[in-house]
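Reading through the structure tokens given below for one structure.
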Amino acid sequence: PGRGDQAAPNLLRVGLVQMRWREDERAHDEALRQGVRLAAAQGARIVCLPELTRSRYFAADEKLAAEADRYLEDLPDGPTTRLAAELAAELGIAVHASLYERAADGGLGYNTAVCVAPDGALLARTRKLHIPRFPGYHEDLCFRPGDTGFPVAAVAGARFGFPTCWDEWFPELARAYGLQGTQVLVHPTAIGSEADLPGFDTQPLWEHTISANGLANAMFMVVPNRVGREGDSDFYGCSFVSDPYGRVLLRAPRDREAVLVADLDLDQCRDMAEFGLLRTRRPELYGPLTEPVGSAC
Ligand code: PUT
């Protein structure tokens with residue numbers, strides 16, 4: 001599929017900031033501000049930030065998880081949303097971030113992504129649906145599974161979804177967004193070393209899976225990851241942007257902070273949709289996908 005040469009491109013410039021965690025909260029916030037400002041100065045109309053944007057990755061072990069409550073935030077008035085709103089107003093862009101959202105009943109909180117408009121409007125509030133429980137990623141000790149489904153938000157003239165990290169591996173989730181005509185999925189991420197599998201590098205698998213989920217659903221994928229060492233965890237950066245053809249447009253380094261800015265040609269979403277995958281589905285055959293446990297699990 002492809003457009004004729006004469007068609008004017010329908011471009012949306014997006015930015016992402018790949019960051020390491022700083023123990024000094026003020027220094028961390030200042031680095032965040034600088035990254036977002038740099039992307040905005042290059043013309044980004046939305047800037048996207050890594051998972052648990054302002055805190056350390058506190059699900060890495062049982063000891064840290066036991067102290068997770070200190071990171072709980074209210075919505076919409078918590079510090080992460082306030083910082084995103086401050087930057088959005090200052091720069092006249094949308095700002096996306098990720099935080100630990102307090103639950104009304106006071107139990108485990110939610111791992112929630114937000115997107116704030118320049119006028120302070122909360123464009124998205126999307127709770128992480130799939131919760132990993134593995135050595136180095138004890139998220140079940142901190143987060144309850146999200147209940148907000150697959151909401152699509154209009155941001156800077158495009159249709160956006162804001163799932164979080166582990167959600168990015170699930171083709172079912174990408175399809176649920178794809179069926180709603182989503183053009184851009186943003187996945188704030190915290191991924192790196194595997195505590196029980198030293199030497200197992202998931203980075204290429206991660207990138208292939210996410211970019212293929214984008215290809216199969218005619219979507220751009222914007223994936224800001226953490227980078228650097230936090231205790232025994234080593235986050236591998238390599239944040240990226242992929243297009244609806246499954247091509248990686250930009251990839252950040254593995255070993256340092258970075259700001260990426262990419263032009264998304266939104267017409268490519270329509271081109272890939274015309275390839276026909278979504279039109280020739282057989283949903284009446286897909287019952288096994290909704291069985292709680294498959295035979296290989
Ligand atoms: N943020 C969770 C990543 C899990 C990788 N095994």
Side-chain angles (χ1 to χ4, degrees), residues 16-21 28 48-68 71-73 80 96-101 108-114 126-146 148 161-174 177 185-214 221-240 242 251-252 254-255 257 296-297:
L16 69 76
V17 181
Q18 170 170 299
M19 278 199 61
R20 70 180 174 85
W21 175 66
H28 188 81
C48 307
L49 300 169
E51 185 175 18
L52 300 172
T53 304
R54 292 184 61 258
S55 62
R56 70 177 306 154
Y57 181 70
F58 52 79
D61 61 48
E62 286 92 340
K63 189 162 167 284
L64 283 173
E67 296 172 7
Y71 301 106
L72 281 166
E73 297 188 31
T80 302
H96 152 272
S98 157
L99 58 101
Y100 188 27
E101 181 191 355
L108 294 185
Y110 297 99
N111 184 329
T112 301
V114 294
T126 305
R127 293 168 170 164
K128 182 174 188 169
L129 300 180
H130 301 87
I131 305 299
R133 43 176 195 276
F134 308 112
Y137 302 92
H138 296 273
E139 298 197 14
D140 55 319
L141 303 179
C142 308
F143 309 128
R144 71 177 80 187
T148 47
F162 297 96
T164 293
C165 194
W166 196 234
D167 286 341
E168 66 208 359
W169 291 82
F170 289 82
E172 299 90 340
L173 177 130
Y177 279 102
L185 270 196
V186 179
H187 301 277
T189 297
I191 195 166
S193 49
E194 296 293 327
D196 56 341
L197 301 167
F200 179 43
D201 180 11
T202 64
Q203 187 274 330
L205 289 64
W206 173 71
E207 185 180 285
H208 283 143
T209 301
I210 297 166
S211 52
N213 281 338
M221 301 299 221
V222 177
V223 193
N225 191 18
R226 300 173 83 98
V227 71
R229 185 160 276 284
E230 292 178 38
D232 292 335
S233 308
D234 196 7
F235 296 102
Y236 52 57
C238 297
S239 303
F240 66 96
S242 65
R251 183 188 300 110
R254 194 172 172 114
D255 59 351
E257 296 182 305
C297 300

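Position 1 is the first residue of the sequence, and the numbers go up from there. Just follow the structure's listing: the first ligand is 1, and inside any ligand the first atom is 1. All values below come from the heavy atoms of this structure, side chains included, with hydrogens, waters and symmetry mates left out.
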Just to verify, what does D234 make a salt bridge (Lys or Arg N to Asp or Glu O under 4.0 Å) with, not counting sequence neighbours?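 In terms of salt bridge (Lys or Arg N to Asp or Glu O under 4.0 Å), with neighbours along the sequence ignored, D234 is linked to R229.
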Please verify the inter-ring angle class for Y57 with F235; under 30° counts as parallel, over 60° as perpendicular, anything in between as tilted.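 Ring orientation, 0 to 90° scale: perpendicular.
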W169 and W166 aromatic ring geometry - parallel, tilted or perpendicular at 30°/60° bounds: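 Because their plane-to-plane angle lies in the 30° to 60° range, the rings of W166 and W169 count as tilted.
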Would N225 and F240 count as a side chain to side chain contact (heavy atoms under 4.5 Å, CB included) here? Give the steps. CA-CA 8 Å; N225 191 18; F240 66 96; over 6 Å; no
Please tabulate, one line per pair, the protein N or O atoms found under 3.5 Å from any N or O atom of ligand 1, giving the distance to one decimal.
residue  : atom  : partner : partner atom : Å
ligand 1 : 1 (N) : E139    : OE2          : 3.0
ligand 1 : 1 (N) : A190    : O            : 2.9
ligand 1 : 6 (N) : E194    : OE1          : 3.4
ligand 1 : 6 (N) : E194    : OE2          : 3.0

N213-E168 side chain donor-acceptor pair, cut-off 3.5 Å: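 Note: N213 and E168 side chains miss the donor-acceptor criterion.
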For atom CG of D255, decide whether the heavy atoms of other residues, nucleotides or ligands shown that lie under 6.0 angstrom number more than 12.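 More than 12 within 6.0 Å, yes.
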